[in-house]
Amino acid sequence: MIKAMIRELEEIESAQRTAQGAEFAQLAARRDALLHQLSDLTPEQKVLMARYPRRPKISQYVDALFTDFFEQRGDRQCREDRSILGGIALFHGRPVTVLGHRKGGNIEENLACNFGMPGPEGYRKALRLMKQAEKFGRPVISFIDTPGAYPGMEAEERGQGEAIARNLAEMSRLRVPVISIVTGEGSSGGALALGLADRILMLENAYYSVVTPEGCASILWKDPKKRDEACMALKLTAQDLLGFGVIDGIVPEAVGGAQRDTQALFARLDREIAQALDALEGKDADTLVRERYAKYRRIGLA
Amino acid sequence: MTVTCPACGRETAQAVWHAHLCVCPACGSHQPIAARARLTALCDEGTLAEMNADLVGGDPLDFPGYAKKLAAQREKTGMQEAVMTATGRIDGHPAVLAVLDAQFFMGSMGTGAGEKITRAIEYARDAQLPLIMFSASGGARMQEGFFSLMQMAKTSAAVADFSDKGGLYISVLTHPTTGGVTASFASLGDIMLAEPNALIGFAGPRVIEQTIGQRLPEGFQRSEFQQEHGFIDQIVPRAQMRTVLSRLLRLHEGGVKRT
């Protein structure tokens, strides 16, 4: 439904280039109506937007926001997990470690990246890179976009739970700033394993939840079709979470989705990251770790 | 009054069943034991002191039906939350203890359980006591959404901080330990123990079977499997748990820290 609306919007905009007179006016009216509908999305529509295949991907964020990116591969134990991309790069001339879930931009890439669902090797690679960031004094910037950690046999054999737990423990005491941006899907422990941060930002149409809405609906109501209700009940939108005071900011998107104006998105994100880094880099490591502990310590405190 | 073993179907007199700590005397299968019964059996007589007994979480999302379900769970089990925390002595060795009880809301971790566990860890840190936590959980509690997810971060951060300060943490995995509990504090013990044949994993078996489109082999994700794959130090039958914990506590006394 969201997909169809976006497609229609794009078709109208393309038709407008050649249309004239009454036809143009008609198209403009329909375009305005669509933009109006797309400017006020339900939680379920936001979830679909967060999953929209043409939404900006980790590689685009890396290209747009950083220079001199050097990819680092492998967990040094077992294999390279392509569902997480990571490496060293410069942000406004400062070295940083960049990490993010990688879903891939076409079906071959989707399969190679397992649709952005990491196994333990992916989380262990991420941890290896974060520990290096700490060693060399580089802030960590992570981009979150995953339907969750992969629920497969090999992932279980190699300790999916342990890998996520280890990342949480280590990130909580990492002695460099950590900034996390949920760009699309922030689903369950598989998202959090890259997301325990000093600053948590979310794109306007991203979601962050303990479980996918489909998972919630099928477990609680034995009916995955009740996704809409689950999206409402889970209060998983960026707006809900900012309202609860559990995330730090929302990065606005163009009406109709982040892919419709990536330049504006990247410019805004660049400012947000720069601001967060400026605020965090003045703190000594003890203060950073203490404040990060306190940030999570207070969540849920009765 | 008898108890029928869900594994072998044999009937056992209730008093005998409880004297065996809910381990079937006929087949040896480890059945769920209430948190309080476990702690009472584990600790030296008269040393068990519960902490934060009245601490409960809220309904941060105002989730449909949750308040009612929670009330029903409290009514049914007589417990306020899925975890019981306490101090006590095992063979004279003092420790801080936390026990998740799968009979309350599947042992799921929401803000109440997360807060109680975190307080227990922080208490152990401040009092410089060893920490022993028994897990049995379906994972993060869905009805508290993002707040439950963040309890994974909170409890893991507390374990890391406790560990940095030199604290000993023994994690005991019991049936079943899955999801967000496996993916947080339960996997972070200095010593990792498990009861026999406990289901231990991140994803539940049904989810994995749906994902891969095939049946899982016998014993997949059980304690013995986890030990074979390197995630468990030792599998300890319930009847020997007290002896093993006492030994471990003793083995951790008298180490000399070099700075």
Measure [X] against the heavy atoms of chain A and call it side chain, backbone, both or neither at under 4.5 Å.
X        : answer
B/Gln151 : side chain
B/Gln143 : side chain
B/Lys116 : neither
B/Phe225 : side chain
B/Phe220 : side chain
B/Glu122 : side chain

I'd like to know if [X] pairs up with [Y] as an ion pair, taking the criterion as any Lys NZ or Arg NE/NH1/NH2 lying under 4.0 Å from an Asp or Glu carboxylate oxygen.
X        : Y        : answer
A/Arg173 : A/Glu134 : no
A/Arg297 : B/Asp161 : no
A/Lys125 : A/Asp81  : no
B/Arg36  : B/Glu50  : yes

Residue that, paired with B/Gln226, satisfies side chain to side chain contact (heavy atoms under 4.5 Å, CB included) out of B/Ile235, B/Ile232, B/Thr177: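 The single option meeting the side chain to side chain contact (heavy atoms under 4.5 Å, CB included) with B/Gln226 is B/Ile232.
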Using a cut-off of under 4.5 Å for heavy-atom pairs, which of [options] has the most such pairs with chain B?
options                                : answer
A/Ser209, A/Ala169, A/Gly148           : A/Ala169
A/Leu196, A/Val289, A/Val210           : A/Val210
A/Asp240, A/Asn167, A/Leu241           : A/Leu241
A/Ile219, A/Val211, A/Ile164, A/Leu236 : A/Ile164

Chi angles and distances behind the side chain to side chain donor-acceptor pair (under 3.5 Å) call for B/Asp101, B/Gln103: CA-CA 5 Å; B/Asp101 192 327; B/Gln103 291 168 103; 3.3 Å; yes
Plane angle bin for A/His101 and A/Tyr123 - parallel if under 30°, tilted between 30 and 60°, otherwise perpendicular: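 Plane angle over 60°, so perpendicular.
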Which region of [X], side chain (C-beta onward) or backbone (N, CA, C, O), has a non-hydrogen atom less than 4.5 Å from a non-hydrogen atom of chain B, or is it both or neither?
X        : answer
A/Leu192 : side chain
A/Tyr293 : side chain
A/Val246 : both
A/Ile299 : both
A/Arg158 : backbone

Chi angles and distances behind the ring pair (Phe, Tyr, Trp, His ring centres under 6.0 Å) call for B/Phe146, A/Phe244: CA-CA 10 Å; B/Phe146 186 82; A/Phe244 287 130; 8.5 Å; no
Derivation of the side chain to side chain donor-acceptor pair (under 3.5 Å) call for B/Ser148 and B/Arg141: CA-CA 6 Å; B/Ser148 296; B/Arg141 192 174 295 165; over 6 Å; no
Among [options], which residue has the highest count of heavy-atom pairs closer than 4.5 Å to chain A?
options                                : value
B/Ala160, B/Ala183, B/Ala140           : B/Ala183
B/Asp62, B/Val207, B/Ile212, B/Thr118  : B/Thr118
B/Ala158, B/Gly114, B/Gly112, B/Gly204 : B/Ala158
B/Thr155, B/Val159, B/Asp164           : B/Asp164

Under 3.5 Å: donor-acceptor pair, side chain of A/Glu157, backbone of A/Gly152: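 No; zero donor-acceptor contacts below 3.5 Å.
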Any donor-acceptor pair under 3.5 Å from A/Tyr207 side chain to A/Val182 backbone: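 Flag not set: sc A/Tyr207 to bb A/Val182 has no pair under 3.5 Å.
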Euclidean distance, A/Arg128 CZ relative to A/Glu170 CD, rounded to 0.5 Å: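 Rounded to the nearest 0.5 Å, the CD-CZ separation comes out at 15.0 Å.
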